[in-house]
Number of protein chains: 2
Amino acid sequence: MNAALSESQQDYLKIVLDLINEKKVARIKEIARRKGVSMPSVTEAMRKLSKTGFVQYSTHEFVELTGKGETAAHRLFSKNMFLKNFLVDVLDIDEQVAEKEACELEHHLRATTLDRLILLYQFLSARQQTDRPSLTLFRKCLRIAEGLSEEDPACGFRFWENRYPHRQSESTVHTLLSKLEQGQRGQIVMLGPDTEIRRRIIDRGLLPGSRFVLEEKGTAGRPFRVRCDGCLIELELIATNMIEVAVEQPN
Amino acid sequence: MNAALSESQQDYLKIVLDLINEKKVARIKEIARRKGVSMPSVTEAMRKLSKTGFVQYSTHEFVELTGKGETAAHRLFSKNMFLKNFLVDVLDIDEQVAEKEACELEHHLRATTLDRLILLYQFLSARQQTDRPSLTLFRKCLRIAEGLSEEDPACGFRFWENRYPHRQSESTVHTLLSKLEQGQRGQIVMLGPDTEIRRRIIDRGLLPGSRFVLEEKGTAGRPFRVRCDGCLIELELIATNMIEVAVEQPN
DNA sequence: TTGAAAAATTAGGCTCGCCTAATTATCTTA
DNA sequence: TAAGATAATTAGGCGAGCCTAATTTTTCAA
């Protein structure tokens, strides 16, 4: 029963997650309104999604996400969020428009491309002190990040050491995820250069822009647990040392 | 009869243009092979496209593009080409993969976003001498390019004056389109910062990466005529002064 | 010039994602 | 607690875009 989700189904899943986060429950009417379709269409879609095990649903009940559905929705959500951020922060697209466009593009972006786009985003957010053309520089960073370069990274340009997030305001504190205390909230700013680990992080849906709560601080032996868009993610200590976050003050 | 083209139809149109350019004629079987569908599907699609006036086709004949179809196909082609270049040149995606991905993304990229992406591509290809964070710099360039900045562009960073195309090899000569002689071939490298004119150029499908022949050199009063992917494009003198091209040596 | 091979078309059918109209279930409140 | 309002479902249908199998048309070569 491991059917691939169609584009439309992905949209439904994302909407359901949104609704549950916002209003605690997802009801047919609201889903229909958000997706801009009629209610019968939603009923039918939910039936299908429940048959493939992404949602739990029987007639006249609220729609809920299964574990599988939650994971999937959560991934989509993060991807979407990042894409929107890219469009808004980098390309200066209007926020409303970016939201819609991100939804559409999302379905067609391969994992590698997303990964590279994240690197580009981070690259552009970093401070540079060099007179070389940016593209050459970016390509070099790509190679270093992918571990494909035999050059000594130290002699190359290390954008990882030298970040300068443009969104950083005076009041936000940037630190590593591993440094946070239990219960603290934050937003991902950057992912480290390690390909293998970065991929794993991205696969779980933790992308620049994602907001989270540190539910359980881990140790060398025990993983960190981070809740993000209603989904629990486990991360080993080593990974949390590669994730730069902006701490949200409880205020 | 000005129906919007579905994604699938857009693909068909692009394939037809490709085939006509490559093999002089587009036959059902080839279209089917390239699109990965069966021949009856193609027949049906062609019938529809001919009803809406994009292709000229009757049973058992080769498929041809009408003027309308050619313009549309040509635009799609350029867009696709640019997108592929972006994926390959900037994000270092494998060429095969980039081609497919460009096709899929293409349909969902709004015109503004494409425009901004072109600017980003050009920005990254430009030489920079500064220690400011790139993103800030890029956003500033965006504003200048859009004419939204009251700042004196001269005191800001002028990436237009300072290009450094990474693809430039020793043998290629870069110049302005207006400087070309009749009959010369080339490839678009950059489009100038003037929003209004740039938009018009982009709308006609002349994007960075497009290859063309200068068919007729114009004057102040008479437009330049450029053929690109089998489509004739007229450009005023002022526009040709804003288009940087790589000249292809006839060898 | 004719007949086999190749190309194209017709016929009929499928799924997906949507729709409207009609009906039924649930909620709310007087 | 019953009736009117609201929400959801069933039934039936539509178009897009694809398919296979069968048939027809065109091409090409002996």
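Since we're looking at a predicted model, the values are computed, not measured. Letters go in sequence order (proteins before strands), and every chain restarts at 1.
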Starting from [atom2] on [N], measure out to [atom1] on [X] and report it in whole angstrom.
{"X": "B:Ile28", "N": "D:dC19", "atom1": "CD1", "atom2": "P", "result": "14 Å"}
{"X": "A:Met46", "N": "D:dT10", "atom1": "CE", "atom2": "C1'", "result": "17 Å"}
{"X": "A:His60", "N": "D:dA7", "atom1": "NE2", "atom2": "P", "result": "13 Å"}
{"X": "B:Glu44", "N": "C:dC14", "atom1": "CD", "atom2": "P", "result": "16 Å"}
{"X": "A:Lys51", "N": "C:dC16", "atom1": "NZ", "atom2": "C1'", "result": "13 Å"}
{"X": "A:Lys29", "N": "C:dT26", "atom1": "NZ", "atom2": "C1'", "result": "14 Å"}
{"X": "B:Lys23", "N": "C:dA7", "atom1": "NZ", "atom2": "P", "result": "11 Å"}
{"X": "A:Ile31", "N": "D:dA7", "atom1": "CD1", "atom2": "P", "result": "14 Å"}

With respect to the side chain of [X], which nucleotide from [options] is positioned closest?
{"X": "A:Ser6", "options": "C:dG17, C:dT9, D:dG17", "result": "C:dG17"}
{"X": "A:Lys48", "options": "D:dA7, C:dC18, C:dG17", "result": "C:dG17"}
{"X": "A:Arg47", "options": "D:dT10, C:dT10, D:dA7", "result": "D:dT10"}
{"X": "B:Pro40", "options": "D:dC18, C:dT10, D:dA11", "result": "C:dT10"}
{"X": "A:Val37", "options": "C:dC18, D:dT9, D:dT26", "result": "C:dC18"}
{"X": "B:Met39", "options": "C:dA8, D:dC19, D:dA7", "result": "C:dA8"}

Check: B:Tyr121 ring centre within less than 6.0 Å of B:Phe82 ring centre: yes
For [X], report the nucleic acid contact type (base, sugar-phosphate, nothing); a contact means any heavy atom under 4.0 Å.
{"X": "A:Ser38", "result": "base"}
{"X": "A:Tyr12", "result": "sugar-phosphate"}
{"X": "A:Thr59", "result": "sugar-phosphate"}
{"X": "B:Ser8", "result": "sugar-phosphate"}

Which atom of B:Arg75 lies closest to which atom of B:Asp203, heavy atoms considered: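 Answer, listing the atom of B:Arg75 first, then B:Asp203: NE-O, 2.7 Å.
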Atom of A:Phe224, atom of A:Leu177 and distance for their closest heavy-atom approach: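 What the structure gives for the nearest pair is CE2-O, 4.2 Å.
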Short side-chain to backbone donor-acceptor contact, B:Ser50 and B:Gln56, under 3.5 Å: no
Phosphate contact (C:dC18 OP1 or OP2) by A:Lys35 side-chain N/O below 4.0 Å: yes
Side-chain N,O (A:Arg27) to OP1/OP2 (D:dA8) below 4.0 Å: yes
Residues B:Glu215, B:Arg227: salt bridge by 4.0 Å N-O rule: yes
